[in-house]
**Student:** 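Sharing a structure, written as structure tokens. Questions coming.
Just so it is clear: chains get the letters A, B, ... in the order the sequence lines come, proteins before strands, and each one is counted from 1.
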Amino acid sequence: MDLNNLEQQRVEKLERLRTAGMEPYPRRVQRTHTTQEARRAYEAAESTESTPPTITVAGRLVSIRVMGRVAFAHLEDESGKLQLFLRRNELGEDLYTLFKKAFDLGDFVEATGPLIRTRTGEISVQATSLRMLAKALTPLPIPKEYTDEAGNLTRYSAFSDTEERYRQRYADLAVNPEVRELFRTRSRTITALRAWLDTHGYLEVETPILQPIYGGAAARPFTTHHNQLKQDLYLRISFELYLKRLLVGMFERVYEIGRDFRNEGISYKHNPEFTQLEMYCAYTDLYGMMETVEQLLSSTAQAVLGTQHIPYQGHQLDLTPPWRRLSLRDVICEGAGIDYSDFPTADALRAEMRRCGYDAAEKATWGRLVDNLLSEVEPGLIQPTFIHDYPVEISPLAKQKADDPTHVERFEIFVGGMELGNAFTELNDPFEQERRFLQQGRASAAGDDEAQPMDEDYLRALKYGMPPNGGFGLGVDRLAMLFTDRHSIREVLLYPHLRAK
RNA sequence: GGGUCGUUAGCUCAGUCCGGCAGAGCAGGGGCCUUUUAAGCCCAGGGCCACAGGUUCGAAUCCUGUACGACCCA
């Protein structure tokens with residue numbers, strides 16, 4: 001094991017503990033109270049003027065102040081911090097010296113004693129015994145903190161190197177309580193989404209992550225291989241085709257929350273694996289889904305944050321329904337200055353985009369170019385907005401509009417300048433679906449590496465009949481970004497993908 | 001993929017323009033200190049200056065390349 005000089009010193013303290021008869025990694029813990037329970041127990045005793053209890057707390061040492069024959073320390077557990085008041089006369093000379101010589105910041109310890117208030121009024125354990133629970137060898141970058149009279153907390157030299165925080169998330173979580181809180185918020189968000197769906201008749205299901213044919217989204221997959229079957233498999237890029245098969249099987253409302261994998265670029269809003277919620281509801285359509293999504297997300301905000309007005313990157317987002325609805329054509333017209341319906345071929349649209357100063361790849365299809373224009377407009381879509389009516393060629397699983405077969409019944413929602421989700425009136429006509437797959441095949445042959453492959457089994461399912469339905473997919477990480485006011489998806493992923501060093 | 005910036009002690013950072021002994025605070029070590037809370041005071045330590053190469057009498061510093069990251073753009 002590679003040890004630096006600080007770690008070497010702590011290894012010597014391990015021996016010092018053992019020599020003194022104290023096991024540095026004992027098996028049992030005697031905790032009677034969390035630090036929060038201890039404070040409450042003291043306050044309860046105080047209010048009834050009874051004797052405060054003697055308790056045992058356990059946690060990490062996060063501050064130590066030795067004053068000679070008396071010392072103060074703070075012990076932190078998940079519920080908070082509690083001061084330890086250590087006196088040589090109470091602990092005995094041997095144990096007190098052991099504390100001074102062999103206990104460090106970051107160590108997990110257990111302290112027993114009566115609860116008291118110190119002269120400055122802070123509730124503390126006056127330790128009569130002290131035990132090591134787990135010796136820390138590497139010094140944790142625990143910041144010093146200062147709270148002024150107004151209650152403002154200042155932290156000095158907090159562990160803040162972005163790369164190291166992600167590579168050593170355990171250290172980040174251990175020393176940055178706000179990071180722990182952020183992941184609690186993320187967890188509560190997923191719990192609230194699930195609770196809403198469960199109470200609205202949706203059945204939670206699990207579908208394959210390893211798929212012989214990928215589909216349901218425009219993305220390049222990760223490929224893997226099953227050795228015994230001698231078969232290539234793909235990590236799913238969406239759950240869509242498997243969930244919709246379940247509607248053929250007579251489930252009317254299904255959802256799945258899980259991981260999708262897309263072999264694409266990494267950015268502040270993209271990670272190669274990310275958490276997706278997909279839900280499908282029989283006997284509704286795009287417009288029903290708009291109302292469902294408004295309810296789902298505004299209720300989730302209310303449940304998690306207690307409000308539907310949320311601060312995000314300097315904006316005040318208002319999730320109160322109903323949300324603005326704009327057609328894709330109108331939003332691009334307004335935001336990018338191009339009415340794409342005036343340029344119905346890829347060549348014409350490409351020329352116009354270049355004339356207006358936008359990049360337009362030579363091999364991009366007309367639909368892909370429209371999608372590029374939408375990306376130009378996206379950062380300006382701050383308040384919740386449904387953008388609807390997408391070109392059919394970039395939406396191979398959505399049903400066409402009755403009055404305009406070049407467009408489909410599809411929306412994407414944008415909040416805080418990000419795409420948050422995507423929904424269709426799902427295509428359930430097997431012949432039309434087959435035509436769409438064939439068109440995707442031609443796009444693939446023409447060089448579109450995000451085109452979706454033919455899925456014969458999905459067509460077979462459609463031939464049995466799939467009820468009319470609406471479906472919606474939500475980027476859960478991005479919702480967590482909104483709810484925690486973080487600019488980067490990496491801040492809301494416990495272990496974001498990083499290059500190997 | 002492109003541009004800009006960054007990488008120095010366990011942590012947070014100076015030092016880089018303008019080349020000349022490797023610095024500070026915190027943390028750690030040795031002392032003093034029986035109610036502190038960024039405790040205080042005294043003393044002594046701690047470095048592959050990301051990596052590789054080049055220029056130079058001399059490189060943390062200038063040049064080239066590489067790795068990793070941050071931000072912006074695509």
**Student:** Below 3.5 Å, does any donor atom in the side chain of A/Thr162 face an acceptor in the base of B/G69, or the other way round?
**Tutor:**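 For A/Thr162, whose side chain was compared with the base of B/G69, there is no donor-acceptor pair (under 3.5 Å).
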**Student:** Determine whether the side chains of A/Glu7 and A/Thr138 contain a donor N or O and an acceptor N or O closer than 3.5 Å.
**Tutor:** yes
**Student:** Determine the Euclidean distance between corresponding C1' atoms of B/G58 and B/G19; express it in Å to zero decimal places.
**Tutor:** 8 Å
**Student:** Would you indicate which nucleotide in B/C68, B/A38, B/U36 comes nearest to any side-chain atom of A/Glu163?
**Tutor:** B/C68
**Student:** Classify A/Asn89 by what it touches in the nucleic acid, base, sugar-phosphate, or nothing, heavy-atom distance under 4.0 Å.
**Tutor:**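 Base: the residue A/Asn89, judged by heavy atoms under 4.0 Å, touches a nucleobase.
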**Student:** On the nucleotide B/G28, are OP1 or OP2 found under 4.0 Å from the side-chain N or O atoms that A/Lys101 carries?
**Tutor:**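 No, no such contact exists.
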**Student:** Expressed as a whole number of Å, how far does the P atom of B/C26 sit from that of B/U37?
**Tutor:**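 It comes out at 15 Å once rounded to the nearest Å.
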**Student:** How close or far is atom P of B/C33 from atom CZ of A/Arg87, stated in whole angstroms?
**Tutor:**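 About 17 Å, once rounded to whole Å.
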**Student:** Hey, does the side chain of A/Lys144 come within less than 4.0 Å of B/A27's phosphate (OP1/OP2), counting only N and O?
**Tutor:**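 A/Lys144 to B/A27 OP1/OP2: side-chain N or O found under 4.0 Å.
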**Student:** Within the 4.0 Å heavy-atom criterion, would you say A/Val175 contacts the bases, only the backbone, or no part of the nucleic acid?
**Tutor:**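 Since no nucleic acid heavy atom lies under 4.0 Å of A/Val175, the category is nothing.
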**Student:** Calculate the interatomic distance between A/Ile64 atom CD1 and B/C26 atom P; express it in whole Å.
**Tutor:** 16 Å
**Student:** Please check: side-chain N/O of A/Arg236 versus main-chain N/O of A/Arg259, any donor-acceptor pairing under 3.5 Å?
**Tutor:**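 Flag set: sc A/Arg236 to bb A/Arg259 pair under 3.5 Å.
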**Student:** Please state the P separation for the pair B/G69 and B/U8 - nearest whole angstrom.
**Tutor:**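 Roughly 15 Å separates the two P atoms.
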**Student:** When we call it a touch if two heavy atoms are under 4.0 Å apart, what does A/Ser160 touch: a base, just sugar-phosphate, or nothing?
**Tutor:** sugar-phosphate
**Student:** Measure the distance from CD on A/Gln126 to P on B/U34 and round it to the nearest whole Å.
**Tutor:**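 Distance, rounded to whole Å: 16 Å.
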**Student:** Nearest of B/U35, B/C72, B/G28 to any side-chain atom of A/His487?
**Tutor:** B/C72
**Student:** So which protein nitrogen or oxygen atoms get under 3.5 Å of nucleotides 65-67 of chain B's nitrogens or oxygens?
**Tutor:**
none

**Student:** Are the ring of A/Tyr156 and the six-membered base ring of B/A38 within the stacking cut-offs of under 5.5 Å and under 30°?
**Tutor:**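 Taking the rule of under 5.5 Å and under 30°, the ring of A/Tyr156 does stack on B/A38.
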**Student:** Write down the distance separating the P atoms in B/U61 and B/A22, rounded off to the nearest Å.
**Tutor:**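 Pairwise P distance, B/U61 against B/A22, rounds to 13 Å.
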**Student:** Test for a donor-acceptor pair under 3.5 Å between the base of B/U34 and the side chain of A/Arg69, counting only N and O atoms.
**Tutor:**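 Checked by distance alone, the answer is no.
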**Student:** Among B/U37, B/A38, B/A70, which nucleotide sits nearest the side chain of A/Thr118?
**Tutor:**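 Selected nucleotide: B/U37.
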**Student:** Between B/G25, B/G31, B/A39, which one does the side chain of A/Met67 approach most closely?
**Tutor:**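 Of B/G25, B/G31, B/A39, B/A39 is nearest to the side chain of A/Met67.
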**Student:** Using a 4.0 Å heavy-atom cut-off across all strands, classify A/Gln83 as base, sugar-phosphate, or nothing.
**Tutor:**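 Base contact.
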**Student:** Please work out if A/Ser63 contacts a base, only the sugar-phosphate, or nothing of the nucleic acid, heavy-atom cut-off 4.0 Å.
**Tutor:** nothing
**Student:** Once you round it to whole Å, what is the distance between C1' of B/U36 and CZ of A/Arg88?
**Tutor:** 18 Å
**Student:** Judged by atom type as modelled, is there a donor-acceptor pair below 3.5 Å linking the side chain of A/Arg478 to the main-chain atoms of A/Glu419?
**Tutor:** yes
**Student:** Tell me, please, which residues at least two apart from A/Glu164 pass side-chain hydrogen bond (donor to acceptor under 3.5 Å, both in side chains).
**Tutor:**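 Residues passing side-chain hydrogen bond (donor to acceptor under 3.5 Å, both in side chains) with A/Glu164: A/Gln168.
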**Student:** Answer with base, sugar-phosphate or nothing: what part of the nucleic acid does A/Arg117 contact at a heavy-atom distance below 4.0 Å?
**Tutor:** nothing
**Student:** Heavy-atom count check: over 12 atoms from other residues, nucleotides or ligands less than 6.0 Å from A/Gln313 CD?
**Tutor:**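 More than 12 within 6.0 Å, yes.
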**Student:** Heavy-atom nearest nucleotide on RNA chain B for A/Thr138 versus A/Tyr146: which residue maps closer to 5'?
**Tutor:**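 Looking at the nearest nucleotide for each, A/Thr138 comes out on the 5' side.
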**Student:** I'd like the C1' distance from B/C18 over to B/G40, given in whole Å.
**Tutor:** 41 Å
**Student:** Mind checking the C1' distance from B/A70 to B/U56? Whole angstroms is fine.
**Tutor:**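 My reading of the C1' atoms in B/A70 and B/U56 gives 33 Å.
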**Student:** Would you say A/Arg65 places a side-chain N or O within less than 4.0 Å of OP1 or OP2 belonging to B/A39?
**Tutor:** yes
**Student:** Assign the ring pair A/Phe72 / A/Phe85 to parallel, tilted or perpendicular, where the plane angle (0 to 90°) is split at 30° and 60°.
**Tutor:** parallel
**Student:** Indicate, with a heavy-atom threshold strictly under 4.0 Å, whether A/Lys13 touches base, sugar-phosphate, or nothing.
**Tutor:**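 If one applies the 4.0 Å heavy-atom cut-off, A/Lys13 turns out to touch the sugar-phosphate alone, with no base involved.
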**Student:** Is A/Leu498 touching bases, backbone alone, or none of the nucleic acid, heavy atoms closer than 4.0 Å?
**Tutor:**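 Sugar-phosphate only.
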**Student:** Could you let me know what B/U12 is paired to, Watson-Crick or G-U wobble, both distances under 3.5 Å, or none if it's on its own?
**Tutor:**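 Pair assignment: B/U12 / B/A24.
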**Student:** Considering only atom C1', compute the distance from B/A59 to B/C63 and round it to an integer number of Å.
**Tutor:**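 11 Å, rounded to whole Å.
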**Student:** Report the distance from atom CZ of A/Phe85 to atom C1' of B/U35, rounded to the nearest whole Å.
**Tutor:** 5 Å
**Student:** Spell out, as yes or no, whether a donor-acceptor pair under 3.5 Å connects the side chain of A/Tyr495 to the backbone of A/Arg169.
**Tutor:** no
**Student:** Write down the distance between CG (A/Asp107) and C1' (B/G10), rounded to a whole number of angstrom.
**Tutor:**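 One finds 15 Å between C1' of B/G10 and CG of A/Asp107, rounded.
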**Student:** Please check this pair: side chain of A/Arg324 against backbone of A/Ile387, looking for a donor-acceptor N/O pair closer than 3.5 Å.
**Tutor:** no
**Student:** Quick one: label A/Glu164 by what it contacts on the DNA or RNA (base, sugar-phosphate, nothing), any heavy atom closer than 4.0 Å.
**Tutor:** nothing
**Student:** With A/His74, which of A/Arg65, A/Arg60, A/Glu145 fulfils side-chain contact (heavy atoms from CB on, under 4.5 Å)?
**Tutor:** A/Arg65
**Student:** Counting any heavy atom closer than 4.0 Å, what does A/Phe159 reach on the DNA or RNA strands: base, sugar-phosphate only, or nothing?
**Tutor:** sugar-phosphate
**Student:** Just to be sure I understand the rule, does A/Lys100 reach a base, reach only the sugar-phosphate, or reach nothing, if contact means heavy atoms closer than 4.0 Å?
**Tutor:** nothing
**Student:** Under the 3.5 angstrom rule, does the side chain of A/Gln276 hit a backbone N or O of A/Ser238 as a donor-acceptor pair?
**Tutor:** no
**Student:** Identify the nucleotide, in any strand shown, that forms a Watson-Crick or G-U wobble pair with B/U61, with both distances under 3.5 Å; if there is none, say none.
**Tutor:** none
**Student:** Whole angstrom is fine here: how far is it from CG in A/Asn5 over to P in B/G29?
**Tutor:**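 Computing the A/Asn5:CG to B/G29:P distance gives 11 Å.
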**Student:** Would you mind telling me which of B/U35, B/A70, B/G28 lies closest to the side-chain atoms of A/Arg119?
**Tutor:** B/U35
**Student:** For the pair made of CD in A/Glu145 and P in B/C26, what is the distance, rounded to whole Å?
**Tutor:** 17 Å
**Student:** In Watson-Crick or G-U wobble terms, both distances under 3.5 Å, what is the partner of B/G69?
**Tutor:**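 Partner of B/G69: B/C5.
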**Student:** When the ring planes of A/His487 and A/Tyr268 are compared, do they come out parallel, tilted or perpendicular, using 30° and 60° as the limits?
**Tutor:** parallel
**Student:** Kindly point out which of B/C13, B/G69, B/G28 is positioned nearest to the side chain of A/Arg167?
**Tutor:**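 Nearest to the side chain of A/Arg167 among the choices is B/G69.
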**Student:** What distance, rounded to whole Å, do you find between the two P atoms, one in B/C32 and one in B/A50?
**Tutor:**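 The same atom, P, in both gives a distance of 40 Å.
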**Student:** Side-chain N or O of A/Arg155 versus OP1/OP2 of B/C26: is the shortest distance under 4.0 Å?
**Tutor:** no
**Student:** May I ask you to say what A/Ala158 touches in the nucleic acid, namely base, sugar-phosphate or nothing, with a heavy-atom cut-off under 4.0 Å?
**Tutor:**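 The residue A/Ala158 makes sugar-phosphate contact but no base contact.
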